[in-house]
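Heads up, the thing below is written out as C-alpha cells.
Please read these numbers as outputs of a predicted model, since none were measured by experiment.
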Amino acid sequence: MKSNVGKLLSTAAIAATISAGATAATLDDVKAKGFIQCGVSTGVPGFSNADSNGDWSGIDVDVCRATAAAIFNDPQKVKFTPLSAKERFTALQSGEIDILSRNTTWTYTRDNSLGLDFTTVNFYDGQGFIVRKDLGVTSAMELDGATVCTEQGTTTELNMADFFRKHKMSYVPVIVQKVDEALAAYDSGRCDVYTTDKSGLAAHRTKLASPSEHVILPETISKEPLGPVVRHGDNQWKDIVTWSLFVQINAEEMGITSKNVAKIKSETNDPGIKRLLGVDGDMGAQLNLSSDWAYNIISKVGNYGEVFARNVGPETAVNLPRGLNALWTEGGVLYAPPVR
C-alpha cells in the first residue's frame with residue numbers, strides 16, 4: 001500500500017508542476033512551426049489509422065484536422081505521433097504533442113491528477129466483449145473462468161476487473177502493452193475474450209483473420225466518453241480545440257455541410273448561421289483566429305455527421321450506427337453550445 005500511495009503522490013506532484021508551468025503559448029508555438037503535432041493510436045480503424053501510404057484518417061484524426069483548418073485554413077497541416085495507451089499522457093505532458101486525440105476516456109482521475117484537460121466528447125461509447133461464435137456464448141454473464149485479453153494502462157483494464165468482481169465471476173487477465181498485441185493474442189486463441197470500447201471492438205474485428213466468426217456480446221459494462229485532451233493551463237488552446245468540434249456539431253444541426261456551406265454563406269438570412277460562418281461579427285477574434293475559421297472547418301473537414309459517416313458509419317467496414325452520437329434532436333446526446 002505504501003508503494004502505491006507513493007506512486008500516486010509522485011504523479012500528483014508531477015502534474016502540479018506541469019500545471020504550474022503551463023503558459024498560454026500553444027497557439028503561438030503551433031503557428032511558428034506551421035503544423036499541429038497530434039497524438040493518435042497505433043491503429044484503430046475509423047478512429048485513427050494509417051494506410052499503406054502512411055496517410056492517417058479517422059474520427060480522432062479529424063479532430064486535429066478541424067483544428068488545423070481553424071488555424072491555418074489547411075487540414076493537412078498536422079503531423080501524427082502514434083502512441084500506446086501507456087505512452088499517451090506522458091507525450092502530452094512533456095510537450096511532445098499538442099493534442100492527444102486517441103480514443104481516450106474522460107474520467108475524474110485523469111482530468112484532475114495529470115495536469116491535463118479534456119476538451120469535449122467526440123464519441124460516446126461503452127465497453128464490451130467479443131468472442132468466437134463457436135464458443136456458443138451469448139452473454140457476458142457466461143464468461144466465468146474466461147481468459148480475457150486487453151491493453152495495459154486503460155480504463156478497460158479497470159472496468160474488466162470491476163465487472164468480474166461485481167458479478168462474482170473468475171477470469172484470467174492477459175494484459176499487453178499495445179492494442180495490436182492484444183488483438184493478435186485473441187486472434188491466435190491465447191485468450192477466449194477480447195475487451196475494449198464497443199466502437200473499438202467493431203473496428204478491430206475488421207482486422208481479424210475471419211471477422212465473421214466473431215460476435216460482440218450485447219452487454220455494455222461502462223460509460224466511455226471519448227475525447228481530445230490538452231495540457232492544463234492554456235485556456236485559449238483548450239477553447240480552440242473544443243470549439244472546433246462544437247462548430248461541426250452546430251453545423252450538422254443547422255443543415256450545413258462541406259458541399260453546401262459556400263452557397264449557404266452567400267445566401268443565408270439566418271443570424272445564427274451568419275455568425276457561425278463569419279458573415280456577421282468576428283467570432284474568430286475571441287480565439288485569435290480569422291473571422292472565417294468556422295467556415296474553413298466545415299468546408300475543409302465537414303460537419304460532425306459527415307465525419308462520422310465517412311469514418312465509422314454504415315457505409316464503412318466499421319459499420320456503426322449513430323446511436324448516442326446522433327444529434328440531441330435525433331435521439332442522441334450530441335449538443336453543442338451556440339456560437340453567439
Residue pair Pro228 / Asn122, side-chain heavy-atom distance below 4.5 Å: yes

In terms of hydrophobic clusters joined by side-chain contacts under 4.5 Å, are Leu201 and Val131 together? no

Under 3.5 Å, side chain of Lys238 to main-chain N/O of Gly233, donor-acceptor pair present? no

Leu158 reachable from Ile221 in the ILVMFWY side-chain graph, under 4.5 Å edges: no

Start with the C-alpha gap between Lys274 and Leu277, add the side-chain angles, then the distance that decides, and say whether side chain to side chain contact (heavy atoms under 4.5 Å, CB included) holds. CA-CA 5 Å; Lys274 285 185 174 183; Leu277 301 183; over 6 Å; no

Lys133 and Glu213: CA distance, side-chain angles, deciding distance, side chain to side chain contact (heavy atoms under 4.5 Å, CB included) verdict: CA-CA 6 Å; Lys133 288 181 179 179; Glu213 296 178 5; 5.6 Å; no

Any donor-acceptor pair under 3.5 Å linking the side chain of Gln127 with the backbone of Thr156? yes

Side chain to side chain donor-acceptor pair (under 3.5 Å) assessment of Glu306 paired with Ser258: CA-CA 8 Å; Glu306 291 178 282; Ser258 59; 2.7 Å; yes

Assess whether side chain to side chain contact (heavy atoms under 4.5 Å, CB included) is satisfied between Cys38 and Thr67, documenting all intermediate values. CA-CA 10 Å; Cys38 181; Thr67 307; over 6 Å; no

Would Arg132 pass as a cation-pi partner of Tyr186, given that its NZ or CZ must be under 6.0 Å from the six-membered ring centre and within 45 degrees of the axis? yes

Taking atom OH of Tyr304 and atom CD1 of Ile298, what is their separation to the nearest 0.5 Å? 15.5 Å

To the nearest 0.5 Å, tell me how far Asp234 CG sits from Thr26 OG1. 3.5 Å

Applying a strict under-4.5 Å side-chain criterion to I, L, V, M, F, W and Y, I'd like to know whether Val174 and Ile130 cluster together. no

Donor-acceptor contact present, side-chain Trp237 to main-chain Asp98, <3.5 Å: yes

Is the number of heavy atoms from other residues, nucleotides or ligands under 6.0 Å of Lys259 NZ greater than 12? no

Is the positively charged end of Lys166 above the ring of Phe163, judged by distance under 6.0 angstrom from the centroid and angle within 45° of the axis? no

Would you check if the side chain of Arg110 reaches a backbone N or O of Thr105 as a donor-acceptor pair within less than 3.5 Å? yes

Any donor-acceptor pair under 3.5 Å from Asn303 side chain to Gly305 backbone: yes

Between Asp239 and Gln286, does a side chain to side chain donor-acceptor pair (under 3.5 Å) hold up when you go through it step by step? CA-CA 10 Å; Asp239 289 344; Gln286 299 177 46; over 6 Å; no

Parallel, tilted or perpendicular: which describes the rings of Phe129 and Phe164, with under 30° parallel and over 60° perpendicular? perpendicular

From NZ (Lys223) to CH2 (Trp106), nearest 0.5 Å: 12.0 Å

Take the angle between the ring planes of Trp243 and Phe246 and call it parallel below 30°, perpendicular above 60°, tilted in between. perpendicular

To the closest 0.5 Å, what do you measure between CD1 (Ile264) and CG (Asn269)? 12.0 Å

Which heavy-atom pair separates Ala262 from Tyr295 by the least distance, and what is that distance? CB-OH, 3.5 Å

Shared hydrophobic cluster, Phe35 / Val40 (ILVMFWY, side-chain heavy atoms < 4.5 Å): no

Check: Asp187 main-chain N/O paired with Tyr194 side-chain donor or acceptor under 3.5 Å: no

Derivation of the side chain to side chain contact (heavy atoms under 4.5 Å, CB included) call for Val44 and His204: CA-CA 7 Å; Val44 179; His204 291 311; 3.8 Å; yes

Could you check, using the six-membered ring where one of them is a Trp, whether Phe47 and Phe123 have ring centers closer than 6.0 angstrom? yes

State whether the side chain of Asp125 and the backbone N or O of Asp197 hold a donor-acceptor pair below 3.5 Å, judged by distance alone. no

Scan the side chains in residues 310-328 for donor-acceptor partners under 3.5 Å anywhere in the protein, sequence neighbours excluded, and list what turns up.
residue: Arg310; atom: NH1; partner: Val301; partner atom: O; Å: 3.1
residue: Arg310; atom: NH2; partner: Asp62; partner atom: OD2; Å: 3.0
residue: Arg310; atom: NH2; partner: Val301; partner atom: O; Å: 2.6
residue: Asn311; atom: OD1; partner: Gly58; partner atom: N; Å: 3.2
residue: Asn311; atom: ND2; partner: Asp62; partner atom: OD2; Å: 3.1
residue: Asn311; atom: ND2; partner: Val307; partner atom: O; Å: 2.8
residue: Thr316; atom: OG1; partner: Val312; partner atom: O; Å: 3.4
residue: Thr316; atom: OG1; partner: Gly313; partner atom: N; Å: 3.4
residue: Thr316; atom: OG1; partner: Gly313; partner atom: O; Å: 2.7
residue: Thr316; atom: OG1; partner: Val318; partner atom: N; Å: 3.3
residue: Thr316; atom: OG1; partner: Asn319; partner atom: N; Å: 3.3
residue: Arg322; atom: NE; partner: Asn325; partner atom: O; Å: 2.9
residue: Arg322; atom: NH1; partner: Glu252; partner atom: OE2; Å: 3.0
residue: Arg322; atom: NH2; partner: Glu252; partner atom: OE1; Å: 3.1
residue: Arg322; atom: NH2; partner: Glu252; partner atom: OE2; Å: 3.4
residue: Arg322; atom: NH2; partner: Asn325; partner atom: O; Å: 2.9
residue: Asn325; atom: OD1; partner: Tyr124; partner atom: N; Å: 2.7
residue: Asn325; atom: ND2; partner: Tyr124; partner atom: O; Å: 3.1
residue: Trp328; atom: NE1; partner: Glu253; partner atom: OE1; Å: 3.2

Are Leu226 and Ile97 connected in a single hydrophobic cluster, I mean Ile/Leu/Val/Met/Phe/Trp/Tyr linked by side-chain heavy atoms less than 4.5 Å apart? yes

Using a 3.5 Å distance criterion without hydrogens, assess whether the side chain of Arg88 forms a donor-acceptor pair with backbone atoms of Ala85. yes

Closest heavy-atom pair, Thr147 versus Arg190, reported as atoms and distance to 0.1 Å, is CG2-O, 3.7 Å

For residues 175-183, please give each side-chain donor-acceptor pair under 3.5 Å, one per line with the distance, not counting sequence neighbours.
residue: Asp180; atom: OD1; partner: Lys207; partner atom: NZ; Å: 3.3

Pairs touching residues 42-57 that satisfy side-chain hydrogen bond (donor to acceptor under 3.5 Å, both in side chains), sequence neighbours left out: Ser41-Ser48

OG on Ser84 to CD on Gln152, rounded to 0.5 Å: 8.5 Å

Heavy atoms, side chains only, cut-off 4.5 Å: are Leu276 and Ile256 in contact? yes

What's the separation between atom CG in Asp192 and atom CG in Leu143, rounded to the nearest 0.5 Å? 8.5 Å

Is it true that Arg165 and Asp162 have a side-chain N and a carboxylate O under 4.0 angstrom from each other? yes

From CA spacing to verdict: side chain to side chain donor-acceptor pair (under 3.5 Å), Ser139, Glu142: CA-CA 6 Å; Ser139 167; Glu142 300 171 27; 4.8 Å; no

Taking side chain as C-beta onward, heavy atoms only, is Leu92 less than 4.5 Å from Arg231? yes

Would you tell me whether Asp270 and Thr268 have side-chain atoms, one donor and one acceptor, within less than 3.5 Å of each other? no

What I want to check is whether the side chains of Glu224 and Thr155 have a donor and an acceptor closer together than 3.5 Å. yes

Flag, side chain of Asn260 to backbone of Thr257, donor-acceptor distance under 3.5 Å: yes

Examine distances only and state if a side-chain atom of Gln248 and a backbone atom of Ile297 form a donor-acceptor pair shorter than 3.5 Å. no

Just checking Lys86: does its NZ atom have more than 12 heavy atoms from other residues, nucleotides or ligands closer to it than 6.0 angstrom? no

